[in-house]
Amino acid sequence: RFAIIPVSYQDRKYGVLLVEKAESKNEEIEVNEDILNMAAANLAVYLENKKFHKEILKSEKLKAVVEFSRAIVHELRTPLSGIKGFAKIEKRRHINDEKTEKHMNEIINGAEKIDEMAGELLYYVSDESVNLEKISVKKVVNTVLKEMNTYILSENIEVMTAVSEEILISFEKEQLKKIIREIIKN
């Protein structure tokens, strides 16, 4: 008593059209079923196009956010360079004033930290492909410890490691090194 026409496109199923059949004139029902099949196919194509249109809009919005992020980073770095430069000049001018030197060091360190964060943001929104590789966590930790040995000793930091040789991860080596450096610094 009902005609059930699937609404699908390629492998994607969207649903069905359910139409009540007339009780007489069977030939008309076959013609109507052909029309319903065409309508179902057109509906499926329409739904597929809607989906692609949404994906395109999403992609365009993402591109706009990336460009906006890049612009913000560049606009942020310009005054940051000035702040850092003037703090270094003031630090040199007041070389005998420990309090001023300490404050200038804090400004310089803060500016460098913001600059580093801006660089990270640029990295994440860049078009560069991520270079994942299988790396030994222990080898990377040991490399970073050697690179930071002077810092570790000067800051009197006690480092304890217990990393197995077998731990391999797929990661970007430089990013992992940066993470380990931040853990040691903090």
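What you see is a predicted model; the values in this text were computed from it and never measured.
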Given side chain to side chain contact (heavy atoms under 4.5 Å, CB included), test L176 with I135 step by step and report yes or no.
CA-CA 10 Å; L176 182 58; I135 53 176; 3.6 Å; yes
Are K113 and M117 close enough, and set up right, to give a side chain to side chain contact (heavy atoms under 4.5 Å, CB included), and what steps lead you there?
CA-CA 6 Å; K113 190 170 259 185; M117 285 189 271; 4.1 Å; yes
Requested in this report: Determine, step by step, whether I157 and V159 satisfy the side chain to side chain contact (heavy atoms under 4.5 Å, CB included) criterion, reporting the C-alpha distance in whole Å, the side-chain angles of both residues, the deciding distance to 0.1 Å, and the verdict.
Outcome: CA-CA 6 Å; I157 298 172; V159 179; 4.0 Å; yes
Are I108 and I83 close enough, and set up right, to give a side chain to side chain contact (heavy atoms under 4.5 Å, CB included), and what steps lead you there? CA-CA 8 Å; I108 293 166; I83 291 168; over 6 Å; no
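To the nearest 0.5 angstrom, L43 atom CG is 4.5 Å from L47 atom CG. Considering CE of M104 and CZ of F86, their distance stands at 12.0 Å, rounded to 0.5 Å.
The stretch residues 57-67 participates, sequence neighbours left out, in these side chain to side chain donor-acceptor pair (under 3.5 Å) pairs: E67-R70. Counting only residues at least two apart or in different chains, salt bridge (Lys or Arg N to Asp or Glu O under 4.0 Å) contacts with residues 145-159 comprise E147-K177, E147-R181. Sequence neighbours left out, not one pair with a member in residues 78-87 passes salt bridge (Lys or Arg N to Asp or Glu O under 4.0 Å).
In plain terms, the two heavy atoms of S8 and A44 that are nearest each other are O-CB, 3.1 Å. Contact record, S170 with K134: OG-NZ, 3.8 Å, taken as the closest heavy-atom pair.
Taking Ile, Leu, Val, Met, Phe, Trp and Tyr as members and joining any whose side-chain heavy atoms lie under 4.5 Å apart, directly or through other members, L62 forms no hydrophobic cluster with any other residue.
A heavy-atom distance below 4.5 Å is found between the side chains of T161 and L145. Considering only heavy atoms from C-beta on, F171 comes within 4.5 Å of I179 through its side chain.
S164 places a side-chain N or O within donor-acceptor distance of the main-chain N or O of E166, the cut-off being under 3.5 Å.
Checked against salt bridge (charged side-chain N to carboxylate O under 4.0 Å, His left out), E55 has the following partners two or more places apart in sequence or in another chain: K51. The side-chain hydrogen bond (donor to acceptor under 3.5 Å, both in side chains) search around K91 returns N105, not counting sequence neighbours. For K178, the side-chain hydrogen bond (donor to acceptor under 3.5 Å, both in side chains) partners at least two apart in sequence or on another chain are E120. Applying the side-chain hydrogen bond (donor to acceptor under 3.5 Å, both in side chains) rule to E90 yields the partners R93, H94; only residues at least two apart in sequence or on another chain are considered. For V45, the side-chain contact (heavy atoms from CB on, under 4.5 Å) partners at least two apart in sequence or on another chain are Y9, N49. Considering only residues two or more places apart in sequence or on other chains, T100 meets the side-chain hydrogen bond (donor to acceptor under 3.5 Å, both in side chains) condition with D97. Under the side-chain contact (heavy atoms from CB on, under 4.5 Å) criterion, K185 pairs with M148, Y151, E182, sequence neighbours left out.
Each of I89 and I107 belongs to its own hydrophobic cluster when Ile, Leu, Val, Met, Phe, Trp and Tyr are linked at side-chain heavy-atom distances under 4.5 angstrom. Both L121 and V66 are part of a single hydrophobic cluster, where members link through side-chain heavy atoms under 4.5 Å apart.
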Can you give each donor-acceptor pair under 3.5 Å made by side-chain atoms of residues 71-81, sequence neighbours left out, with the distance rounded to 0.1 Å?
unit_1, atom_1, unit_2, atom_2, d
R77, NE, D115, OD1, 2.8
R77, NH2, D115, O, 3.3
T78, OG1, H74, O, 3.2
S81, OG, R77, O, 3.0

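Within 6.0 Å of CD1 on I95 lie no more than 12 heavy atoms contributed by other residues, nucleotides or ligands.
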